[in-house]
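In what follows, a single structure is set out as structure tokens and then discussed.
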Protein chains: 2
Amino acid sequence: MTDLDALDLRILDLVQENAEMPGEAIASAVGLSASAVQRRISRLKREGVIEKIVALVEPRSVGRTVTVLVEVEIENERRSALEAFKRWVVEAPEVQSCWYVTGDADYVLLVSTRDLDGYNAFIERLMTEQPVVRKYKSLIALKTIKRGLKVAMDGD
Amino acid sequence: MTDLDALDLRILDLVQENAEMPGEAIASAVGLSASAVQRRISRLKREGVIEKIVALVEPRSVGRTVTVLVEVEIENERRSALEAFKRWVVEAPEVQSCWYVTGDADYVLLVSTRDLDGYNAFIERLMTEQPVVRKYKSLIALKTIKRGLKVAMDGD
DNA sequence: TCAGTCATGCAACAATCTCGCGCCGCACAC
DNA sequence: GTGTGCGGCGCGAGATTGTTGCATGACTGA
């Protein structure tokens with residue numbers, strides 16, 4: 001596996017917040033030269049530590065007003081149908097994230113749609129196209145307090 | 001407010017997937033010149049449509065093995081304590097995202113920790129430092145099927 | 001001690017972004 | 001219709017940022 005030193009972690013901490021920061025700025029922050037920083041960053045990308053660099057878009061400003069956490073229960077039977085379900089989820093543009101979880105629910109989906117009509121259409125599509133879904137529960141996000149996928153680098 | 005045309009949406013669709021794509025590549029994909037694309041992107045940033053550009057880090061590769069969705073119930077009383085709770089959540093490094101939701105739970109937290117000990121420590125800190133939290137339920141993510149915050153640009 | 005390895009800093013180079021310019025198309029007034 | 005202003009465009013020069021080759025120094029193991 002990859003082992004990362006303290007400098008790598010500090011660099012990751014910075015680029016998770018702002019990936020546009022020039023190598024030179026990171027360099028002076030962590031005490032390296034710009035080229036050393038760039039080399040580390042491209043290594044981190046090559047090794048898959050940095051999955052990708054993406055733009056975070058404010059959903060409301062592109063007309064996506066509805067965010068829902070959907071808890072999904074599965075007919076715990078055929079395995080092939082489960083694979084199809086997962087593929088469906090991965091390809092569905094409304095689904096931002098999806099986890100297989102412990103507890104009453106089997107999967108939790110983070111879904112973003114234009115409005116409640118759009119969400120309803122999504123759920124309808126889910127239930128008709130994926131019969132493995134036995135039931136679901138919608139936790140509609142009335143307010144987003146914090147939004148991100150940043151992982152901490154220090155000791156929790 | 002901002003109104004975005006079809007070209008803006010196509011650009012946003014691309015940079016949400018890969019923000020490193022050179023302006024020229026985007027340009028040829030959407031049928032513009034590189035400088036026009038760059039101008040649009042900086043306008044989108046200025047207007048807050050693009051919140052920021054960030055690196056997505058694979059949690060396991062930095063030693064974060066535990067992801068949990070925490071459903072939190074609140075003592076629906078003092079409003080000031082609620083504000084303190086939200087501030088706490090925003091500042092807690094383990095919390096990646098947090099939504100105020102409908103349903104039995106009041107808030108849902110997306111939490112990432114090094115291991116179950118780390119998660120336990122987080123919960124303990126949450127419960128002792130934030131008495132507004134009446135109870136909670138942990139949905140431990142055994143597997144991440146899809147991870148991202150990309151919002152769809154087309155018609156759902 | 002002596003290679004060998006690896007990451008570094010520096011400097012040249014390449015790629016990308018930024019910005020001013022002139023141009024075109026559209027809307028509105030006359 | 002014709003004029004005028006506005007806004008976004010493409011082009012190109014210059015600035016910024018990223019990439020790569022090379023020599024140096026630290027560490028490792030024989």
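Chain A is the first sequence line, chain B the second, and so forth, proteins listed ahead of strands; every chain is numbered from 1. Just so you know, these numbers use all the heavy atoms, side chains as well, and skip hydrogens, waters and symmetry mates.
- The six-membered or imidazole ring of B:Trp88 lies near that of B:Phe122, with a centre-to-centre distance under 6.0 Å.
- Taking atom CG of residue A:Asp5 and atom C1' of nucleotide D:dC27, one finds them 15 Å apart after rounding to whole Å.
- Residue-to-nucleotide contacts include no donor-acceptor pair under 3.5 Å from the side chain of B:Ser33 to the base of D:dC11.
- Atom P of nucleotide D:dC9 and atom CD1 of B:Ile26 are separated by 14 Å, given to the nearest angstrom.
- In this entry the distance linking CZ of A:Arg43 with P of C:dC6 reads 12 Å, nearest Å.
- Side-chain N/O atoms of B:Arg39 and base N/O atoms of D:dG7 include no donor-acceptor pair closer than 3.5 Å.
- Distance, B:Leu7 CG to D:dC9 P: 7 Å, rounded to whole Å.
- Distances shorter than 4.0 Å separate some side-chain N or O of A:Arg40 from OP1 or OP2 on C:dT8.
- Distances from the side chain of B:Ser35 to the nucleotides D:dG12, D:dC9, C:dG9 place D:dG12 closest.
- A:Glu51 has a carboxylate O that lies under 4.0 Å from a charged side-chain N of B:Arg147, or vice versa, which qualifies the two as a salt bridge.
- With hydrogens and angles disregarded, a donor-acceptor distance shorter than 3.5 Å links the side chain of A:Lys146 to the backbone of B:Val95.
- Atom CD1 in A:Ile53 sits roughly 15 Å away from atom P in C:dT16 (whole-Å rounding).
- Remark: P of C:dA11 and CD of A:Gln38 are 18 Å apart, rounded to the nearest angstrom.
- Summarising the geometry, the separation between CD on A:Glu24 and C1' on C:dA11 is reported as 13 Å, rounded to the nearest angstrom.
- When the P atom of D:dT16 is taken as reference, atom CE of A:Met21 falls 18 Å away, rounded to whole Å.
- Here C:dT16 is the nucleotide among C:dG9, D:dG10, C:dT16 with the atom lying nearest to any side-chain atom of B:Pro22.
- Atom CE of B:Met21 is separated from atom CD1 of B:Ile26 by 6.0 Å, given to the nearest 0.5 angstrom.
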